[in-house]
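Worksheet: the structure to be examined is printed underneath.
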Amino acid sequence: MIKTACPLDCWDACAVTCDPSRPEKLIATPGHPYGNGALCALLNKHFPEAPRIQMPRVDGREVSMEQALDAVAEALKAPNPLLWRGSGNLGVMQEVTNLLIAELGGTLTRGSLCDGAGQAGILEGRGINRQLPPEQIANAEVIVVWGRNLPVTNAHLMPFIEGKKLVVIDPVRTTLARKADLHIPIKPRSDVYLALLLSRFLTMEDTQHDEWLEQWGPEFDEFYDFTRSFRIKALLEYMGLALDDIGDLLTYLQRDRVVFLVGGGVQKYSIGHYTLWAIDSLAATLGLFGREGCGVSFLGNSRQGFDNPFRVTTPTVPIVTTPFERFETVLVQGGNPAASMPDSQRVQANLERVKNLIYFGLYENESSSLARIVIPAKSFLEKNDLRLSYGHQYVTEMPRCLESEIGISEYDFTAELFGRLGLSGLRSEKEYLRHWIAQCRQEEGRLVLPDYEPLPYAEGFGEEGGEEFTFMDDFDDDFEDTRRFRKARKTKPKEEEITEFWLLSPKQSHSLNTQFRRKEIVHLPPTLGIAEGERVRIVSEIGSVELTATIDVRLRPDCVLIPAGTPGVNRLTPPILSEEGDGACYQEVKVSVERVD
Ligand SMILES: Nc1nc2c(c(=O)[nH]1)N[C@H]1C(S)=C(S)[C@@H](COP(=O)(O)OP(=O)(O)OC[C@H]3O[C@@H](n4cnc5c(=O)[nH]c(N)nc54)[C@H](O)[C@@H]3O)O[C@H]1N2
Ligand SMILES: Nc1nc2c(c(=O)[nH]1)N[C@H]1C(S)=C(S)[C@@H](COP(=O)(O)OP(=O)(O)OC[C@H]3O[C@@H](n4cnc5c(=O)[nH]c(N)nc54)[C@H](O)[C@@H]3O)O[C@H]1N2
Ligand code: SF4
Ligand SMILES: [Mo]
């Protein structure tokens with residue numbers, strides 16, 4: 001039995017035990033403090049069943065790994081090669097290829113398809129993004145799940161919220177929303193207004209946390225004035241909420257121990273950083289930082305506190321709007337930019353213009369089909385690595401569990417190319433892994449992140465602690481819908497008058513982004529009058545896609561939903577960067593629905 005961890009891009013980063021004689025039957029490592037004895041179907045069913053790329057290819061022909069690596073070496077001689085790395089495997093050794101690109105004078109990406117905007121918002125208020133340990137979540141009385149879909153994306157946190165008062169803020173009436181004590185079916189992209197309005201009401205009712213604010217929030221009065229610059233009635237109308245909804249929500253927030261579990265959903269917008277900043281400012285109004293059973297959890301920065309041996313200084317291009325066509329050689333590693341980036345039609349056209357597109361991955365997908373050179377990777381069971389998590393503090397070693405003829409590890413790939421290209425300075429794989437592990441801390445015999453704090457922000461904010469919280473103090477929103485809002489629309493459109501819909505693209509249970517089972521379905525609200533199974537064309541100002549309709553009673557009448565990972569979803573999404581954090585804005589778009597005749 002060998003202990004390892006799940007490499008998939010998921011909050012849970014489960015500890016996994018592998019019996020090398022039955023690698024298709026992985027089990028959850030018994031006794032791990034995070035995890036409830038079960039792994040999800042993504043790892044247990046879809047991962048072992050997914051057909052792997054078996055052989056390297058060059059110019060459409062299968063070749064040996066030696067020949068393929070020769071071709072890669074030749075391609076990397078072109079000036080300024082670009083490395084575009086996705087999040088197919090979250091092991092730290094994925095990043096070793098940075099060293100190769102830096103040696104070659106190449107380019108890396110910056111920003112994020114995932115949490116860039118939210119991360120930037122957290123830094124505004126707190127100066128550093130510390131993780132809220134699940135043990136603090138378990139101590140809360142009230143859990144507010146704000147744009148995170150726990151049962152689908154973060155299932156192993158469910159036991160930690162059991163028995164608590166539950167509030168869900170989500171435009172979709174998800175399974176969790178149905179179970180909640182209160183569900184706020186918020187209009188998409190309006191969370192920033194809700195957070196500001198709640199802060200204002202809490203203060204009007206004199207339920208701000210004076211003692212905490214005195215120590216850590218001296219700018220609170222200015223923040224309160226700022227929240228008063230928005231008109232209550234106009235905000236309520238814009239969000240489509242009644243005063244009663246806010247009143248109900250306040251009674252939960254006024255409890256003593258409150259935790260916000262914020263997810264990706266709230267920040268897939270140009271203003272995503274403001275949303276996290278506003279939610280944090282609301283939390284600060286309540287004094288939720290650094291107190292037992294309180295806090296705000298978002299995707300943590302798992303690399304924080306590490307001296308990262310793979311950090312290099314190179315020019316960068318934004319990962320959200322990568323100009324592939326400007327590069328002669330592009331290495332795509334562990335990702336599927338042709339499907340996962342916004343405006344995927346343009347991305348595909350630009351990838352086609354790259355002379356040497358190298359794809360290094362486990363599976364065939366939209367990106368591998370465009371590549372001149374295809375290099376199969378080793379799976380996480382076949383190589384050495386280390387797993388950090390953005391959802392909890394535990395660190396798990398990932399020793400090789402299996403030998404396999406297929407593919408090459410990222411470390412060996414890098415070493416082979418250092419050799420072929422006459423580069424020097426690469427240390428051994430063991431040394432790198434030791435370097436990472438040596439920096440981790442030990443808690444009750446387990447490795448945890450170096451900057452793990454059982455009660456984050458108890459000693460204040462900023463990189464070193466001791467600083468005050470910085471409240472949100474400005475907000476500028478120029479999205480089309482908000483302009484309409486500024487003109488203060490008097491009446492809500494009737495349901496049958498809605499012709500433009502918000503496009504939601506949350507995660508789904510059978511796929512991990514574009515890996516595994518990807519259905520070709522769009523979820524439509526019943527108010528549209530379209531029948532189950534009808535073919536429809538979804539159109540945005542960016543592009544269009546044809547899908548089969550499923551009628552979904554969980555949806556607001558102004559939303560359509562296409563799960564992330566659905567082929568073609570990103571033909572609809574805009575290639576824009578969030579105002580801060582170079583994040584993607586997948587949901588900053590309106591779509592219309594047409595019947596296909
Ligand atoms: N099964 C599975 N698990 C996954 C993944 C996967 O593909 N499949 N992907 C992984 C990755 S890469 C990530 S980043 C995480 C993300 O995990 P989550 O943070 O859970 O992200 P999403 O599923 O994108 O969105 C969460 C919720 O936000 C809601 N939402 C959408 N728009 C808004 C809005 O404007 N306001 C509010 N309040 N809510 C909104 C959606 O309806 C959805 O229920 O999940 C990881 N886990
Ligand atoms: N519309 C819409 N689009 C989205 C999102 C959304 O919410 N809406 N979410 C975005 C988010 S949060 C994310 S994180 C991105 C993810 O987008 P990407 O980073 O592109 O991830 P995947 O599409 O899952 O592609 C992962 C690929 O990694 C490869 N892989 C897996 N394991 C390994 C390995 O060990 N080594 C190597 N070399 N390769 C491996 C597999 O071949 C797989 O095809 O998608 C984004 N796209
Ligand atoms: S829940 Fe997440 S981390 Fe755990 S096995 Fe499934 S995909 Fe992997
Ligand atoms: Mo993500």
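What you see below is based on every heavy atom in this structure, not just the backbone, and it leaves out hydrogens, waters and symmetry mates. Since the model is a prediction, treat every value here as computed from it, not as a measurement. One-based numbering, in listed order, for ligands and for the atoms of each.
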**Request:** With heavy atoms only and a cut-off of under 4.0 Å, state how Asn570 meets ligand 2: side chain, backbone, both or neither.
**Result:** side chain

**Message:** Against ligand 1, does Tyr586 come closer than 4.0 Å with any heavy atom?
**Reply:** no

**Prompt:** What atoms in ligand 2 come closer than 4.0 Å to a heavy atom of Leu113?
**Reply:** 10 (C), 11 (C), 12 (S)

**Request:** Please list all pairs passing the ring pair (Phe, Tyr, Trp, His ring centres under 6.0 Å) test where one or both residues lie in residues 166-185, with sequence neighbours left out.
**Result:** none

**Asked** Counting each atom of ligand 1 from 1 as listed, which ones have a heavy atom of Leu42 under 4.0 Å away?
**Response** 1 (N), 2 (C)

**SB check Lys383 Glu410 (cutoff 4.0 Å)** = yes

**Request:** Run the contact test for Cys114 against ligand 1 with a 4.0 Å cut-off on heavy atoms, strictly below, and give the result.
**Result:** yes

**Request:** Answer yes or no: does an N/O atom from Gly334 fall short of 3.5 Å to an N/O atom of ligand 2?
**Result:** yes

**Request:** Using a strict cut-off of 4.0 Å, indicate which atoms of ligand 1 neighbour a heavy atom of Val172.
**Result:** 42 (O)

**Identity and separation of the nearest protein heavy atom to atom 37 (C) of ligand 2** = Glu410 OE2, 3.3 Å

**Asked** Which of the numbered atoms in ligand 2 are below 4.0 angstrom from a heavy atom of Asn365?
**Response** 44 (O)

**Leu362 N/O to ligand 2 N/O under 3.5 Å** = yes

**Message:** Which of the numbered atoms in ligand 2 are under 4.0 angstrom from any heavy atom belonging to Lys378?
**Reply:** 35 (O)

**Asked** With distance as the sole test, does Arg85 use its side chain to make a donor-acceptor pair with the main-chain N or O of Leu108 at under 3.5 Å?
**Response** no

**Request:** Mark up the atoms of ligand 1 that fall under 4.0 Å of a heavy atom belonging to Leu504, in ascending order.
**Result:** 32 (N)

**Request:** Could you tell me whether ligand 2 has any atom less than 4.0 Å away from a heavy atom of Arg85?
**Result:** no

**Request:** Please name the residue in the list Glu364, Glu405, Glu382 that meets the salt bridge (charged side-chain N to carboxylate O under 4.0 Å, His left out) test with Arg52.
**Result:** Glu382

**Message:** Has Thr550 got a side-chain atom pairing as donor or acceptor with His523's backbone, closer than 3.5 angstrom?
**Reply:** no

**Prompt:** Are any of the N/O atoms in Thr514 less than 3.5 Å from those in ligand 2?
**Reply:** yes

**Message:** Measuring from non-hydrogen atoms of Ala564 to any atom of ligand 1, is the shortest distance under 4.0 Å?
**Reply:** no

**Prompt:** Can you tell which part of Ile186 has a heavy atom less than 4.0 Å from ligand 1: side chain, backbone, both or neither?
**Reply:** side chain

**Asked** Can an N or O of Lys268 be found at a distance shorter than 3.5 Å from an N or O of ligand 2?
**Response** yes

**Prompt:** Among the heavy atoms of Phe380, does any lie under 4.0 Å from an atom of ligand 2?
**Reply:** no

**Fill in**
So the salt bridge (charged side-chain N to carboxylate O under 4.0 Å, His left out) pairs with at least one residue in residues 268-277 (sequence neighbours excluded) are none

**Request:** Evaluate the criterion side chain to side chain contact (heavy atoms under 4.5 Å, CB included) for residue pair Trp502 and Lys590; output intermediate values, then yes/no.
**Result:** CA-CA 5 Å; Trp502 291 98; Lys590 290 287 191 81; 3.3 Å; yes

**Request:** With atom 27 (C) of ligand 1 as the reference point, say which of Thr175, Asp170, Asn513 has the nearest heavy atom.
**Result:** Asp170

**Message:** Could you check whether any side-chain heavy atom of Arg148 comes within less than 4.5 Å of a side-chain heavy atom of Val262, counting everything from C-beta outward?
**Reply:** no

**Request:** Identify, by atom number and element, the atoms of ligand 1 in contact range of Arg189, meaning under 4.0 Å from any of its heavy atoms.
**Result:** 35 (O)

**Request:** Using a 4.0 Å heavy-atom cut-off, say whether Cys40 meets ligand 1 through its side chain, its backbone, both or neither.
**Result:** neither

**Asked** Is there a donor in the side chain of Asp385 and an acceptor in the side chain of Tyr411, or the other way round, less than 3.5 Å apart?
**Response** no

**Prompt:** What do you reckon, does Ser340 have a nitrogen or oxygen under 3.5 Å from a nitrogen or oxygen of ligand 2?
**Reply:** yes

**Prompt:** Which of the atoms in ligand 2, numbered in the order shown and given with their element, are less than 4.0 Å from a heavy-atom of Asn89?
**Reply:** 32 (N), 33 (C), 34 (C), 35 (O)

**Prompt:** Is the backbone N or O of Phe324 less than 3.5 Å from a side-chain atom of Thr322, with the two atoms forming a donor-acceptor pair by type?
**Reply:** no

**Prompt:** Looking only at non-hydrogen atoms, which of Gly263, Pro506, Gly147 approaches atom 26 (C) of ligand 1 most closely?
**Reply:** Gly147

**Request:** Select one of side chain, backbone, both or neither to describe which atoms of Lys507 lie under 4.0 Å from any atom of ligand 2, heavy atoms only.
**Result:** side chain

**Message:** Centre-to-centre under 6.0 Å for Phe160 and Tyr34, is that the case here?
**Reply:** yes

**Prompt:** Evaluating non-hydrogen atoms only, which member of Ala155, Gly264, Cys10 is closest to atom 21 (O) of ligand 1?
**Reply:** Gly264

**Prompt:** Side chains of Asn365 and Tyr359: is there a donor and an acceptor less than 3.5 Å apart?
**Reply:** yes

**Asked** Is there a heavy atom of Gln587 sitting under 4.0 angstrom from any atom of ligand 2?
**Response** no

**Item:** Contact check: Phe360 vs ligand 2, nitrogen or oxygen atoms, below 3.5 angstrom
**Value:** yes

**Request:** For Tyr269 and Val192, run side chain to side chain contact (heavy atoms under 4.5 Å, CB included): C-alpha distance rounded to whole Å, both residues' side-chain angles, the deciding distance at 0.1 Å, then the answer.
**Result:** CA-CA 11 Å; Tyr269 305 105; Val192 60; over 6 Å; no

**Message:** Does the residue Tyr359 have a heavy-atom contact with ligand 2, meaning some pair of atoms that are separated by less than 4.0 Å?
**Reply:** yes

**Request:** Taking only heavy atoms of Ala377 into account, list the atoms of ligand 2 that are under 4.0 Å away from them.
**Result:** 36 (N), 37 (C), 38 (N)

**Residue Asp9 vicinity, atoms of ligand 2 by number, heavy atom under 4.0 Å** = 14 (S)

**Item:** Proximal atoms of ligand 2 relative to Ser87 (non-hydrogen, under 4.0 Å)
**Value:** 14 (S), 16 (C), 19 (O)

**Asked** Mind checking whether Lys383 has a heavy atom under 4.0 Å from ligand 2?
**Response** yes

**Message:** Checking the N or O distance criterion of under 3.5 Å, is ligand 1 in contact with Tyr269?
**Reply:** yes

**Message:** Using a 3.5 Å distance criterion without hydrogens, assess whether the side chain of Arg110 forms a donor-acceptor pair with backbone atoms of Thr316.
**Reply:** yes

**Request:** Under 4.0 Å, heavy atoms only, figure out whether ligand 1 is touched by the backbone of Leu561, its side chain, both or neither.
**Result:** neither

**Fill in**
The atoms of ligand 2 lying under 4.0 Å from a heavy atom of Ser505, numbered in the order shown, are 1 (N), 2 (C), 6 (C), 7 (O), 8 (N)

**Residue pair Tyr238, Phe230: steps toward the ring-ring contact (aromatic ring centres under 6.0 Å, His included) verdict** = CA-CA 12 Å; Tyr238 178 67; Phe230 300 87; over 10 Å; no

**Complete:** For Trp146, the atoms of ligand 1 under 4.0 Å from one of its heavy atoms are 38 (N)

**Message:** Does only the side chain of Phe298 get under 4.0 Å from ligand 1, or the backbone, or both, or neither? Count heavy atoms.
**Reply:** neither

**Asked** For Glu364, is the nearest heavy atom under 4.0 Å from an atom of ligand 2?
**Response** no

**Message:** Taking a cutoff of less than 4.0 Å between a non-hydrogen atom of the residue and any ligand atom, is Trp502 in contact with ligand 1?
**Reply:** no

**Asked** Among Gly265, Ser112, Pro188, whose heavy atom sits nearest atom 25 (O) of ligand 1?
**Response** Gly265

